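One structure below.
Note that the structure is a prediction, hence the values are computed from the model and not measured. The figures here come from the full heavy-atom set of this structure, side chains too, leaving out hydrogens, waters and symmetry mates.
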Amino acid sequence: MGSFFASFVDWLIGSPGRFVVNLIEDNMLIFMVVVMIYATTILYAKWTLAYYLPKKMSQLAEMKMWELDELYAAWQTEKKALPWYILVPSRNEFWVKSARNAPESTKLLHFSQQKLKLSDKEKLQKIIEIQS
């Protein structure tokens, strides 16, 4: 069975591909650690977008009665002041970026939960509706 798989891999991806497969097989622990760090970083960024940032938005909204445009401008200022380690997913969700450098309408892809599809302005609008 092993020889069939080896010949299939050689036929499918050739010698450069075989080199990559051997490199991964020989350094499995290193690749597993790298993949775990990558996955943890992506999950942290999604958690930040789903829970941490909405909590910060609602804390900002509770400070006083805001109009939507005033609250949105205050949120953009607050977001620019966030530390570098607060991460959000990139547009395609394959990598992360700092929340302060994220676009104004950060939201997750279409197959995510409904509440995560909202832009910052839509989330702030819902927060204002809940408070009043």
*Would you check if the side chain of Trp66 reaches a backbone N or O of Leu60 as a donor-acceptor pair within less than 3.5 Å?*
yes

*Going hydrophobic residue to hydrophobic residue with side-chain gaps under 4.5 angstrom, can you get from Leu87 over to Trp47?*
yes

*Could you walk me through whether Leu82 and Lys79 pass the side-chain contact (heavy atoms from CB on, under 4.5 Å) check?*
CA-CA 5 Å; Leu82 290 173; Lys79 193 164 96 168; 4.1 Å; yes

_Let me confirm one number: the CG-CG distance from Leu68 to Leu124, rounded to the nearest 0.5 Å._
6.5 Å

*List the steps, then state whether side-chain contact (heavy atoms from CB on, under 4.5 Å) holds for Tyr44 with Tyr52.*
CA-CA 10 Å; Tyr44 167 73; Tyr52 179 76; over 6 Å; no

*Check for a donor-acceptor pair, side chain of Tyr38 on one end and backbone N or O of Phe94 on the other, with a separation under 3.5 Å.*
yes

*Within a reach of under 6.0 Å around CD of Glu67, are more than 12 heavy atoms found that belong to other residues, nucleotides or ligands?*
no

*Joint cluster assignment, Tyr51 & Ile42, ILVMFWY side-chain distance < 4.5 Å*: yes

*Taking side chain as C-beta onward, heavy atoms only, is Arg100 less than 4.5 Å from Trp84?*
yes

*Reported CE-to-CG distance for the pair Met57 and Leu71, which is rounded to 0.5 angstrom*: 8.5 Å

*Out of curiosity, Met32 CE to Ile37 CD1, how far, rounded to the nearest 0.5 Å?*
12.5 Å

*If you group Ile, Leu, Val, Met, Phe, Trp and Tyr by side-chain heavy-atom gaps below 4.5 Å, do Val35 and Leu43 land in one group?*
no

*Same cluster for Ile30 and Met28 if Ile/Leu/Val/Met/Phe/Trp/Tyr side chains link at under 4.5 Å?*
no

_For Phe31, is the CZ atom crowded, meaning more than 12 foreign heavy atoms sit under 6.0 Å from it?_
yes

_Quick check: closest heavy atoms across Ile127 and Pro54, and the distance to 0.1 Å?_
CD1-O, 4.2 Å

*Quick one: closest heavy-atom pair of Ser98 and Val88, and the distance?*
O-CG2, 4.4 Å

*What residue among Asn27, Asp26, Val20 forms side chain to side chain contact (heavy atoms under 4.5 Å, CB included) with Leu23?*
Asn27

*Report yes if the side chains of Lys56 and Trp75 come closer than 4.5 Å at any heavy-atom pair, otherwise no.*
yes

_Distance (rounded to the nearest 0.5 Å) between Glu78 CD and Gln59 CD_ = 9.0 Å

*Nearest 0.5 Å, what's the NZ-OG1 distance between Lys55 and Thr48?*
12.5 Å

*At what distance, to the nearest 0.5 angstrom, does CG of Leu53 lie from NZ of Lys123?*
7.0 Å

*Determine, for Trp95 and Lys97, whether the Lys NZ or Arg CZ falls below 6.0 Å from the six-membered ring centre while staying within 45 degrees of the axis.*
no

